[in-house]
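Structure, as structure tokens:
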Amino acid sequence: MVADYITDVAYPHFFQRETTPIWLSFAARALGRPSPDLRQPFVSCELGCGQGFATVLQAVANPQGHFVGVDFNAEHIAHARVLAQAAGVSNVEFVEDSFQGMLEQATAAPRYDFIILHGIYSWVSTADQQRLRQFVERELKPGGIAFVGYMAQPGLDFFAAPRRFVQQYARTLSGTSAQRVVESLRALQRLASSGAGLFAHDRQVAAYVERSLQDDPHYLAHELLNEHWHTLPVAEVMGAFQACGMDYMGSASLMDNIDDLSLPANVTEQLAGLEGTALRETFKDLARNQTQRRDLYQRDTRELNEYAHKAALFDQVVTALPGAPTQGGVTFETRIGPVEGAASLFSPILQALAERPQSFPGLLRLPALARQGGSISPALQALTAAGHVHPLLPGQIDVAGCQAFNRVISERVLAGARYSHLAAPSLGSGVAASFLEMAAARVLLDHPALRGTLLCQTVDALLRKVGWQPLDNPADSLPAQLSRFERDTLPAWQQFGVVSS
């Protein structure tokens with residue numbers, strides 16, 4: 001550990017769709033705010049980029065952008081640079097520096113259209129939080145978007161005391177941080193099994209420990225063993241960023257922007273009587289027991305007028321993702337439980353998307369939606385949040401570059417690396433891929449015409465070469481899994497440019 005942060009184990013290769021420029025642009029437009037034009041050159045910076053996987057993926061999937069990843073961990077930055085070089089991604093750079101160092105290097109003119117602070121705001125000292133805000137104040141361009149992700153109150157307050165025990169107990173153990181955090185959580189597990197008072201009083205603590213033990217130990221080490229661990233009230237965070245000239249826009253968690261889908265029906269009338277954004281957001285966090293926030297801030301902008309907002313919405317195209325329903329109503333899993341989306345609204349949208357990608361004007365022209373024009377944008381936000389729909393990247397895409405990146409990623413996964421996504425150039429983002437799907441992608445990137453038995457035989461040979469053991473369940477055999485992949489996933493991957501047609 002250096003200073004007060006874990007360094008002996010690397011942070012996992014996570015990818016967060018909510019931090020991509022296309023997602024942030026989609027969210028801004030839905031909220032009636034301007035967003036950087038992704039058809040034109042733009043610059044994005046992530047402070048605390050970890051090993052850089054997500055930064056490299058975003059760079060190759062957004063050829064108009066230039067991406068900067070910053071991390072103080074030398075091993076993280078070394079991995080990121082090697083990955084970018086291996087994949088031939090040139091519109092990305094990595095900086096090994098502290099937040100204080102980056103602040104000292106801030107230029108006279110703001111450089112960034114997007115600044116990403118994912119998670120780290122909850123894991124650093126109050127002094128570093130101030131440095132992060134100052135960096136955003138100095139470096140975010142007018143009209144730019146800052147993403148601030150953090151652990152929220154009240155939903156995670158219950159784990160503050162158990163977390164302190166985990167941190168203190170881990171200091172008494174030997175081994176890596178990953179080994180020590182697991183053993184510390186097991187100590188909590190034993191305490192829960194003994195019927196200790198905290199666990200009897202609040203049953204969600206034991207459930208949280210059980211879920212945590214299923215997570216990647218490397219992530220748990222960074223989550224629980226760093227010196228600083230803060231759950232933060234939204235009003236305090238909003239006030240601090242507003243003092244730096246940042247205007248709160250809404251959430252990158254799109255469902256949180258739709259009160260009808262994210263709040264219990266019996267509290268929405270109370271919300272209507274509250275004044276001020278900070279008070280309203282505090283009320284919402286209480287109503288849905290918020291555990292994590294993904295706040296969006298902007299500087300020197302105002303909400304779009306009605307005409308400009310409509311133009312921004314019309315200048316978008318969305319597509320269905322693999323596994324999306326093709327008709328009927330939709331059940332959304334939310335923090336307040338399952339919420340039913342009306343078939344009269346969602347079925348026409350899903351049917352249209354099952355045929356082809358759709359623009360906003362195209363959906364407005366559907367007879368079934370003739371009197372529901374004002375509900376289309378919230379419906380698309382909900383479908384996007386649920387993983388059924390995604391906006392398409394406007395302008396230039398780089399299919400060849402993304403497929404070269406995907407070849408490197410799939411090869412590394414087969415060699416034991418734990419990457420989870422492939423680049424999708426049409427989306428300007430990534431698509432999740434299992435180990436088997438990574439193997440199929442690796443084969444198809446060299447042999448795009450393989451299908452059926454030949455694809456199965458080739459994938460099987462590759463998997464056996466790397467020591468993969470087939471499943472014992474005949475119903476989920478390799479042929480069955482690849483058949484589902486060919487039917488449900490591959491057509492979309494070809495459409496998105498993940499692999500060739």
Side-chain angles (χ1 to χ4, degrees), residues 1-21 23-24 43-59 67-81 83-84 92-106 111-140 144-152 177 216 218-232 237 240-241 244 246 252 292-297:
M1 176 181 278
V2 172
D4 52 7
Y5 205 87
I6 294 294
T7 58
D8 67 317
V9 296
Y11 193 75
H13 303 296
F14 289 154
F15 175 80
Q16 303 289 341
R17 59 182 184 167
E18 293 87 358
T19 66
T20 60
W23 187 282
L24 298 175
V43 187
S44 178
C45 176
E46 179 168 9
L47 296 171
C49 68
Q51 296 191 71
F53 167 69
T55 309
V56 179
L57 189 156
Q58 290 194 42
F67 290 78
V68 180
V70 181
D71 203 284
F72 84 103
N73 187 322
E75 293 184 10
H76 283 175
I77 295 300
H79 172 276
R81 289 170 175 164
L83 177 61
V92 65
E93 64 178 290
F94 290 98
V95 179
E96 179 191 335
D97 208 342
S98 65
F99 301 142
Q100 178 63 36
M102 290 298 294
L103 186 60
E104 292 172 353
Q105 295 177 30
R111 290 182 288 181
Y112 300 117
D113 300 279
F114 302 96
I115 295 179
I116 309 300
L117 310 176
H118 185 267
I120 59 170
Y121 199 75
S122 291
W123 291 355
V124 298
S125 66
T126 54
D128 268 335
Q129 288 176 345
Q130 182 178 12
R131 293 182 183 106
L132 291 170
R133 295 192 301 270
Q134 290 174 330
F135 182 87
V136 172
E137 181 180 19
R138 296 183 190 181
E139 293 284 22
L140 186 67
I145 298 174
F147 172 107
V148 185
Y150 57 96
M151 296 180 293
S177 293
D216 187 328
H218 286 210
Y219 165 74
L220 292 172
H222 287 264
E223 166 75 17
L224 300 176
L225 298 188
N226 288 311
E227 182 65 26
H228 302 284
W229 188 94
H230 310 275
T231 62
L232 299 168
V237 177
F241 274 92
C244 295
M246 300 296 125
Q292 184 182 52
R293 290 191 62 98
R294 299 183 177 100
D295 293 350
L296 300 179
Y297 293 91

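Numbers here are sequence positions counted from 1.
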Relative to the ring of His228, is the ring of His230 parallel (under 30°), tilted (30 to 60°) or perpendicular (over 60°)?
parallel

Students often mix this up, so state it plainly: with edges at 30° and 60°, are the rings of Trp123 and Tyr219 parallel, tilted or perpendicular?
tilted

Going by atom types alone, do Thr19 and Gln58 pair a side-chain donor with an acceptor below 3.5 Å?
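There is such a pair between these side chains.
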
Any luck finding a side-chain donor-acceptor pair between Tyr150 and Asp295 under 3.5 Å?
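The answer is yes; a qualifying pair exists.
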
Sub-3.5 Å donor-acceptor pair from the side chain of [X] to the main-chain atoms of [Y], do we have one?
{"X": "His76", "Y": "Gly52", "answer": "no"}
{"X": "Gln129", "Y": "Tyr121", "answer": "yes"}
{"X": "Gln51", "Y": "Pro12", "answer": "no"}
{"X": "Arg81", "Y": "Phe94", "answer": "yes"}
{"X": "Asn226", "Y": "Ile6", "answer": "yes"}
{"X": "Ser122", "Y": "Met151", "answer": "yes"}

Minimum heavy-atom distance between [X] and [Y], given as atom pair plus value:
{"X": "Phe241", "Y": "Arg133", "answer": "CZ-CG, 3.7 Å"}
{"X": "Asp97", "Y": "Met102", "answer": "OD2-N, 3.8 Å"}
{"X": "Ala54", "Y": "Phe15", "answer": "CB-CD1, 3.9 Å"}
{"X": "Thr55", "Y": "Cys49", "answer": "OG1-CB, 3.8 Å"}
{"X": "Ile120", "Y": "Leu47", "answer": "CD1-O, 2.9 Å"}
{"X": "Ala252", "Y": "Leu24", "answer": "CB-CD2, 4.4 Å"}

For the [atom1] atom of [X] and the [atom2] atom of [Y], what is their distance to the nearest 0.5 Å?
{"X": "Ser98", "Y": "Leu103", "atom1": "OG", "atom2": "CG", "answer": "9.0 Å"}
{"X": "Phe135", "Y": "Leu117", "atom1": "CZ", "atom2": "CG", "answer": "8.5 Å"}
{"X": "His13", "Y": "His218", "atom1": "NE2", "atom2": "NE2", "answer": "10.0 Å"}
{"X": "Tyr5", "Y": "Tyr11", "atom1": "OH", "atom2": "OH", "answer": "7.0 Å"}

Got a sec: does the CD of Glu18 have more than 12 other heavy atoms crowding it under 6.0 Å?
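Atom CD in Glu18 is packed in, count exceeds 12.
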
